[in-house]
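This report concerns only the one structure given below.
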Amino acid sequence: MLTANPKRARLFHDPSLASEDAYEPFLRLLWKGNWFIQEKSCKILALIVSARPKTHDGSFANDDASNSKNKNTTIDDVLDGLVKWLCAQLKNPSHPSRAVQTSINCLATLLKEPKVRSSFVQTDGVKLLIPLISPASTQQSIQLLYETCLCVWLLSYYEPAIEFLATSRTLPRLIDVVKSSTKEKVVRVIILTLRNLLHKGTFGAQMVGLGLPQIVQSLKSQAWSDEDLLEALNQLEEGLKDNIKKLSSFDKYKQEVLLGHLDWSPMHKDVNFWRENIMSFEENDLKILRVLITILDSSSDPRALAVACFDLSQFIQHHPAGRVIVTDLKAKERVMKLMNHENAEVTKYALLCIQRLFLGAKYASFLQA
């Protein structure tokens with residue numbers, strides 16, 4: 001009845017029912033009975049909550065004073081109860097195929113409310129969305145992906161949620177999806193999310209490091225019908241250009257290394273880059289160099305491995321104590337393993353690195369990459 005005509009949900013807020021506790025039965029049934037009862041209770045509650053009467057400024061009427069004269073369930077009780085149940089379903093679904101879909105569907109509606117965003121973040125719900133952000137193929141999985149990204153977009157307006165998104169794998173996952181998706185509504189909601197996050201914290205620098213400028217150019221060349229999407233792509237492109245201008249070359253390099261997305265960007269083979277920035281590698285107890293060496297073990301991408309070997313050879317070449325430092329950090333054994341790699345580019349630069357490690361700066365300068 002309520003789904004067929006959502007306006008019917010307004011009847012639950014009729015003044016004649018002011019003394020009735022319209023929420024309590026459904027809130028109680030969320031945690032009882034079989035999945036059918038739980039799912040229907042969740043959907044009914046979401047519809048009733050969304051149908052609350054609004055004032056002229058768009059806020060909900062009587063939210064603060066709701067049921068203040070009696071012991072009926074308050075709207076805050078309902079929203080907290082719903083968020084708690086939805087997070088529980090995302091952690092341990094009561095139904096193998098429908099629980100996650102239903103929960104995300106309801107969250108995509110409820111996260112429009114500031115109170116729900118706050119409660120969702122406090123319940124540590126944001127991390128439950130991240131595994132669901134992955135390329136989709138079937139119609140059902142595309143809808144789930146779209147509604148998950150819609151949730152992230154709504155959270156991108158809420159500062160405490162942004163702080164969590166910044167320290168998780170959300171951004172790389174969103175970019176992986178947007179570069180491979182052909183579904184316009186999925187691309188649109190992700191681009192709008194990225195536009196929101198662009199100027200927050202280090203998001204802009206991370207986006208540059210993950211290759212988003214090239215992806216945006218590719219997306220702009222496609223035939224989209226949505227004007228909001230086209231406008232957002234243009235704004236994102238301009239914002240990314242500004243970020244690239246602000247980043248120093250070593251900042252860009254650090255982003256590449258820390259994200260593990262090494263590629264043949266111009267700085268790697270730029271002699272001036274190495275001469276000007278070589279002492280910056282000593283910052284934070286050689287953190288960037290240590291991460292670069294870790295990539296030799298952890299990455300399965302031949303391009304990243306080749307670039308890492310080349311960069312190590314450059315460090316040995318340009319740093320006064322390059323050979324000693326790289327040897328002390330146990331990099332030699334890792335590079336030597338890569339000399340037998342199946343990829344020719346990896347073996348080429350692994351060999352160059354070993355030659356420079358054994359010959360030292362005096363003779364290594366004669367070796368050409």
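Just so you know, these numbers use all the heavy atoms, side chains as well, and skip hydrogens, waters and symmetry mates. Numbering starts at 1 and runs along the sequence shown.
- Between F281 and Y253, the ring center distance clears the sub-6.0 Å criterion.
- Checking side-chain atoms of T170 against main-chain N and O of A166 turns up no donor-acceptor pair under 3.5 Å.
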Inset, instruction - In sequence, state the C-alpha distance, the side-chain angles, and the governing distance for T102 and E39, and then conclude on side-chain hydrogen bond (donor to acceptor under 3.5 Å, both in side chains). - result: CA-CA 7 Å; T102 297; E39 182 185 32; 3.0 Å; yes
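- Residue L145 comes nearest to L132 through the heavy atom pair CD1-O, 3.9 Å, listed as atom of the first residue, atom of the second, then distance.
- Heavy atoms from other residues, nucleotides or ligands lying under 6.0 Å from NZ of K183 number 12 at most.
- The closest side-chain donor-acceptor pair between S218 and S221, if any, does not fall under 3.5 angstrom.
- Pairs engaging residues 158-171 under the salt bridge (charged side-chain N to carboxylate O under 4.0 Å, His left out) rule: E159-K200 [sequence neighbours left out].
- Below 30°, between 30° and 60°, or above 60°: for H268 and W264 the angle between ring planes is above 60°, a perpendicular geometry.
- Using modelled atom types, one finds a donor on one side chain and an acceptor on the other under 3.5 Å when comparing Q143 with K185.
- Using modelled atom types, one finds a donor on one side chain and an acceptor on the other under 3.5 Å when comparing H319 with E282.
- A donor-acceptor pair under 3.5 Å links the side-chain atoms of T327 to the main chain of R323, judged by distance alone.
- Under the 3.5 Å distance criterion, the side-chain polar atoms of D77 are left unmatched by any main-chain donor or acceptor of D80.
- The heavy-atom pair separating W31 from G81 by the smallest distance is CZ2-O, 4.4 Å.
- Taking hydrophobic clusters as Ile, Leu, Val, Met, Phe, Trp and Tyr residues chained together by side-chain heavy-atom distances below 4.5 Å, L29 does not share a cluster with W85.
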